[in-house]
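Read the structure below first, then the notes.
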Amino acid sequence: MAKARRSGAAGLRTAKGAAAGVLAGTGLLGLLMFSLGRDEPWQAVGGGLVVSGASMVLGGALGFLFGVPRVRGGSGEPQGSYAPNTNLEQVSDWLTKVLLGVGLTQLGSLGERLHQLGTALAPALGGGDSAVPFAAALVLYFLVLGFLAGWLVTRLALPRALTDADEALDLFLAGQDRDRHGDKVGADDLRVRAMQQLGLLGGTAEQPAALANQLPPSAGAPNGPNGPDGVVAEVRATARRSALTAEQVRQLFAEGSEGRRIQALALMQGDPALADLSSVLDAIERPRSDFEQYHALLAARGLLSRLPAADARRLRDAVAGRLMDPEGIPYRSDRSWLAEKILSQLPTMPPLVPAQPEARQEPTQQEPARQEPAQPAPAEGPEPSGP
């Protein structure tokens, strides 16, 4: 089903490109054939290209004004909520009404105005009576073509771009709010989703199809609009109120089911006191899926301030190893952003090398210490006699 949908979308894009090429090519082919019959064909081609390009730009600007989307706004917006700027929408509305009003009042003299326009542009196409209607037709053709192109692009692309930007901004603001409340893991998760919304991060960690059925129904609605992401967020939010111990969370991870492993990682994200570094490292180095590795990196993010030096070195070596592995974490993905942030906050330290046993030194034969010859004691003489 998804493959058929993608092929249908690709076929539609090809048809749109072909239609635009045929329409633009028809006008340019007509200009070329007209110019070949002039005395100075290259001058006529150059002038005609300038006239057609200017007409298309003007038509595209008019199409943009008519195609600017309206913002759906309610009357009771919450205090401090983000509201998009509607100045462009108001200007578009005013200009549209002015142009329609002026156009309707001048509709009776439209033919005369077109003749005056053709007369003014005829010298650019080589002059002569035949250049007057051709110049007017060239302007009309590319003006309408530019209007349609500008309106379609604005109508189809601009609302999606504005919606993505608004949703990304909401996610960034929510992440900032969680950061202020000390939820570093939830804040980083929202920042990653915001950058994915803007297309700044690719390689999204896809959710396995069978994961929704493995997650506990009591944690949320796995098949809801947010899917497993919503379940993980709910488990993370309730981790500090959970009655589970760190040993029970470790056993939950060790059971083997991917749903249990991700549930255990979500509990570790919400309460670092429940975290087990060995389980987190196992999910980083030997993940069951990219989705599991992503949430293992989030759990590691919450442990950074609690790790002693030896554990911080183990985490750094595991994350750096997956980044440098060609089959590991892809570049510019959500997981690479988290991995690089973890490495940037870990202290720089030498790799962990097991202590080498000291080399046993063989005893060496030492030369006997030279003994100084004993000095002879002074001979005792007769005591001197008194006077």
Side-chain angles (χ1 to χ4, degrees), residues 4-70 88-89 91-93 95-104 106-107 109-164:
R5 189 181 297 113
R6 286 194 297 267
S7 61
L12 182 60
R13 286 194 297 269
T14 303
K16 290 178 181 178
V22 167
L23 290 174
T26 300
L28 294 177
L29 181 61
L31 172 62
L32 179 62
M33 295 180 66
F34 176 82
S35 302
L36 292 177
R38 313 301 296 173
D39 295 336
E40 297 181 358
W42 293 112
Q43 177 184 355
V45 169
L49 288 176
V50 172
V51 170
S52 58
S55 303
M56 195 161 185
V57 170
L58 178 59
L62 293 176
F64 174 79
L65 291 176
F66 277 83
V68 171
R70 292 182 175 273
L88 183 61
E89 177 188 338
V91 170
S92 170
D93 192 26
L95 288 178
T96 301
K97 293 176 181 177
V98 169
L99 290 174
L100 284 176
V102 172
L104 290 175
Q106 301 296 323
L107 192 60
S109 59
L110 182 60
E112 181 182 355
R113 300 293 182 183
L114 286 176
H115 186 271
Q116 293 176 357
L117 179 64
T119 303
L121 295 177
L125 298 175
D129 294 338
S130 61
V132 175
F134 184 81
L138 191 67
V139 169
L140 279 179
Y141 185 88
F142 282 98
L143 185 68
V144 173
L145 182 60
F147 177 85
L148 291 176
W151 184 83
L152 285 174
V153 171
T154 305
R155 182 68 180 83
L156 298 177
L158 188 60
R160 184 183 308 169
L162 293 177
T163 301
D164 289 346

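FYI, the numbering just counts along the sequence from 1. As the structure is a prediction and not an experimental result, all values here were calculated from the model.
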Extract all donor-acceptor atom pairs below 3.5 Å that involve side chains of residues 49-56 and protein atoms in other chains or at least two apart in sequence.
{"unit_1": "Ser52", "atom_1": "OG", "unit_2": "Gly48", "atom_2": "O", "d": "2.9"}
{"unit_1": "Ser52", "atom_1": "OG", "unit_2": "Leu49", "atom_2": "O", "d": "3.0"}
{"unit_1": "Ser55", "atom_1": "OG", "unit_2": "Val51", "atom_2": "O", "d": "2.8"}

Under 3.5 Å, which donor-acceptor pairs link side chains of residues 125-137 to any protein atom two or more places apart or in another chain?
{"unit_1": "Ser130", "atom_1": "OG", "unit_2": "Arg38", "atom_2": "NH1", "d": "3.0"}

Which side-chain N or O atoms in residues 144-156 pair as donor and acceptor under 3.5 Å with protein atoms at least two apart or in another chain?
{"unit_1": "Thr154", "atom_1": "OG1", "unit_2": "Gly150", "atom_2": "O", "d": "2.7"}

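- The minimum heavy-atom distance between Pro123 and Ala120, with the atom names listed, is CD-O, 3.5 Å.
- Each of Val22, Leu29, Leu23 was checked for a side chain to side chain contact (heavy atoms under 4.5 Å, CB included) with Thr26, and the lone residue meeting it is Val22.
- Within the 4.5 Å cutoff, no side-chain heavy atoms of Leu32 are placed close to those of Leu28.
- Under the side-chain contact (heavy atoms from CB on, under 4.5 Å) criterion, Leu117 pairs with Leu121, Val139, not counting sequence neighbours.
- With sequence neighbours left out, Glu40 forms a side-chain contact (heavy atoms from CB on, under 4.5 Å) with Gln43.
- Checked against ring pair (Phe, Tyr, Trp, His ring centres under 6.0 Å), Tyr141 has no partners two or more places apart in sequence or in another chain.
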